[in-house]
> 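One structure, as structure tokens, below. Some questions next.
Fair warning: this is a prediction, and the values are worked out from it, not measured in the lab. Residue indices begin at 1 and follow the sequence shown. In each ligand, atom 1 is the first atom listed, and ligand 1 is the first ligand listed.
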Amino acid sequence: MQDEPVTILGIESSCDETAAAVLRRDSHGKVTILSSIIASQDEEHRPFGGVVPEIAARAHMQKIDHIIDGAMTDASVEYDDLSAVAATSGPGLIGGVIAGLLSAKGLSMALGKPLIAVNHLEGHALSPRLSAPCPFPYLLLLVSGGHTQLLAVNGLGDYERLGSTIDDAAGEAFDKTARVMGLGFPGGPAVERIAKKGNDTAISLPRPLRGRKNADFSFAGLKTAVSRAYEASDKTETSKADIAASFQKAVCDVLEERTGRAMDMFLEGIDEEGLHRFVIAGGVAANQSIRETLENLCARKGFSLTAPPLKFCTDNAAMIALAGIEHYLLGNYAPLDFAARPRWPLDSKAAAANPASGFGKKGPKS
Ligand code: KG4
Ligand code: ZN
């Protein structure tokens with residue numbers, strides 16, 4: 001059956017990337033990325049060694065109109081030709097989410113086109129499908145500065161959270177490690193660079209939650225242990241390299257063990273024989289040692305590894321527009337008073353039954 005073509009503007013502003021993209025789904029169901037613009041805020045946050053929510057919100061407000069206009073111009077699409085406007089509506093830093101969602105609401109009202117409220121995690125869950133066919137089901141490890149989650153992506157709208165961090169994200173631990181040793185921001189690439197010169201068995205560091213039956217993560221204790229190790233060291237370049245290498249090895253070990261556990265959980269629900277799909281996304285997935293560790297794990301467990309191009313696995317608006325297309329086709333429109341959600345578990349059933357990081361006034365946090 002042939003459908004009408006669908007053209008969606010997607011907007012992303014939940015952390016420190018201001019992004020807009022235009023995607024078109026043709027009448028045969030083929031999706032094309034007409035434009036995708038991402039403005040990073042690294043310069044704004046660098047002096048603080050981490051993302052400062054207030055600064056992020058202001059930067060989104062300043063940049064967003066320009067980025068949206070740029071995405072429309074690059075795509076050669078007129079505003080009137082849009083089918084709908086989709087925006088990340090949570091979870092994330094609330095000031096930033098509000099900035100993007102308000103822009104989307106303004107456009108939706110002015111153009112008389114539907115508003116689509118996208119869960120940022122659903123964008124990540126679908127992101128491998130932006131660059132290559134990636135049939136369902138697959139196991140996704142989302143590992144970034146904001147999230148560390150293992151999701152079974154069984155189909156559109158069918159996401160099962162197998163594990164999540166109970167405190168910090170892995171990327172935060174990389175950023176904090178870099179900050180205490182004065183290596184700069186973002187911390188991940190700096191830690192990876194210096195770790196190459198270090199001995200990864202020099203410092204003894206914890207492997208939090210190892211052996212637990214679920215597939216949850218914890219990085220807060222590791223962060224603290226690294227700070228203590230650095231304080232107790234002679235702070236030479238050699239010590240820094242040893243601490244960086246030992247820290248990176250601890251993260252590799254934790255990701256390997258916890259992901260291995262999630263693979264067992266994922267396979268429990270699957271009858272098919274043969275190779276299963278494992279996808280990594282998020283900025284931390286750029287780390288070579290982590291990739292190699294996960295490649296070896298996949299080989300042992302009978303999974304193929306898919307690592308989408310970095311521009312699609314870090315925060316971007318193309319993934320938000322892609323999720324927007326799916327919701328548009330289902331008629332899932334949001335009211336104009338849809339409230340931005342700082343917390344919005346993708347799998348609310350798992351979050352309610354087994355909250356990874358406790359309950360807030362408005363239900364499970366993640
Ligand atoms: O997905 P991402 O770009 O965005 C957000 O989380 O917003 O991830 C950024 C995170 C940062 O914490 C950064 O330090 C980390 O990914 N990262 C890395 C590497 N490159 C970026 N961590 C480890 N090794 C890397 N090479
Ligand atoms: Zn993200």
> Are any of the N/O atoms in Glu192 less than 3.5 Å from those in ligand 1?
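So ligand 1 has an N or O lying under 3.5 Å from an N or O of Glu192.
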> Is ligand 1 under 4.0 Å from a heavy atom in the side chain of Asp16, in the backbone, in both, or in neither?
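The answer is the side chain of Asp16.
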> In terms of atom number and element, which parts of ligand 1 are under 4.0 angstrom from non-hydrogen atoms of Gly145?
5 (C), 6 (O), 8 (O), 9 (C), 10 (C), 12 (O)
> Checking Lys63 against Glu44 for the salt bridge (Lys or Arg N to Asp or Glu O under 4.0 Å) test, could you report, in this order, the C-alpha distance in whole Å, the side-chain angles of both residues, the deciding distance, and whether it holds?
CA-CA 12 Å; Lys63 294 179 187 183; Glu44 282 92 333; 3.2 Å; yes
> Looking only at N/O atoms, are Gly146 and ligand 1 under 3.5 Å apart anywhere?
yes
> Using the six-membered ring wherever Trp is involved, compare the ring planes of Phe303 and Phe266 and label them parallel, tilted or perpendicular (cut-offs 30° and 60°).
tilted
> Does some side-chain heavy atom of Pro186 sit less than 4.5 Å from a side-chain heavy atom of Arg46?
yes
> Look at atom 16 (O) of ligand 1 and find which of Cys15, Ala169, Gly283, Gly188 reaches it with the closest heavy atom.
Gly283
> Using 30° and 60° as the class limits, which term best fits the ring planes of His120 and His124: parallel, tilted or perpendicular?
perpendicular
> So that I can tick it off, tell me whether Asp80 and Lys113 are bridged by a salt bridge, with the cut-off set at under 4.0 angstrom between side-chain N and carboxylate O.
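Salt bridge flag = no for Asp80 with Lys113.
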> Report, in ascending order of atom number, the atoms of ligand 1 lying under 4.0 Å from any heavy atom of Asp315.
5 (C), 7 (O)
> Counting backbone and side-chain atoms alike, does Cys15 have an N/O/S atom under 2.8 Å from the Zn ion (ligand 2)?
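No, Cys15 does not qualify, because none of its backbone or side-chain N, O or S atoms lies under 2.8 Å.
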> Would Lys223 and Asp168 pass as an ion pair if we require N to O under 4.0 Å?
yes
> Where on Asp175 is there a heavy atom closer than 4.0 Å to ligand 1, on the side chain, on the backbone, on both, or on neither?
side chain
> For Tyr230, does the six-membered ring have the charged nitrogen or CZ of Lys235 within the cation-pi criterion, i.e. under 6.0 angstrom from the centroid and within 45° of the normal?
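So Lys235 does make the cation-pi contact.
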> Looking at Arg228 and Glu231, is there a salt bridge between them, counting it only when a charged N and a carboxylate O are closer than 4.0 Å?
no
> Test your reading of the structure: does Asn287 have an N or O sitting under 3.5 Å from an N or O of ligand 1?
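Yes - when backbone and side-chain N and O of Asn287 are compared with those of ligand 1, one distance drops under 3.5 Å.
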> Does Asp347 use its side chain to pair, donor to acceptor, with the backbone of Arg161 at less than 3.5 Å?
yes
> Atom 15 (C) of ligand 1: which protein heavy atom is closest, and how many Å away?
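Looking at atom 15 (C) of ligand 1, the protein heavy atom closest to it is Val284 CG2, 3.9 Å.
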> Hey, does Gly282 come in under 3.5 Å of ligand 1, counting only N/O atoms on both sides?
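N/O-N/O distance under 3.5 Å: no.
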> To the nearest 10 degrees, calculate the angle at the Zn ion (ligand 2) involving OD1 of Asp315 and NE2 of His120.
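Value returned, to the nearest 10°, is 100°.
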> Short list, please: which atoms of ligand 1 are under 4.0 Å from a heavy atom of Thr314?
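Per the distance check, 1 (O), 3 (O).
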> In ligand 1, which numbered atoms sit nearer than 4.0 Å to a non-hydrogen atom of Gly171?
12 (O)
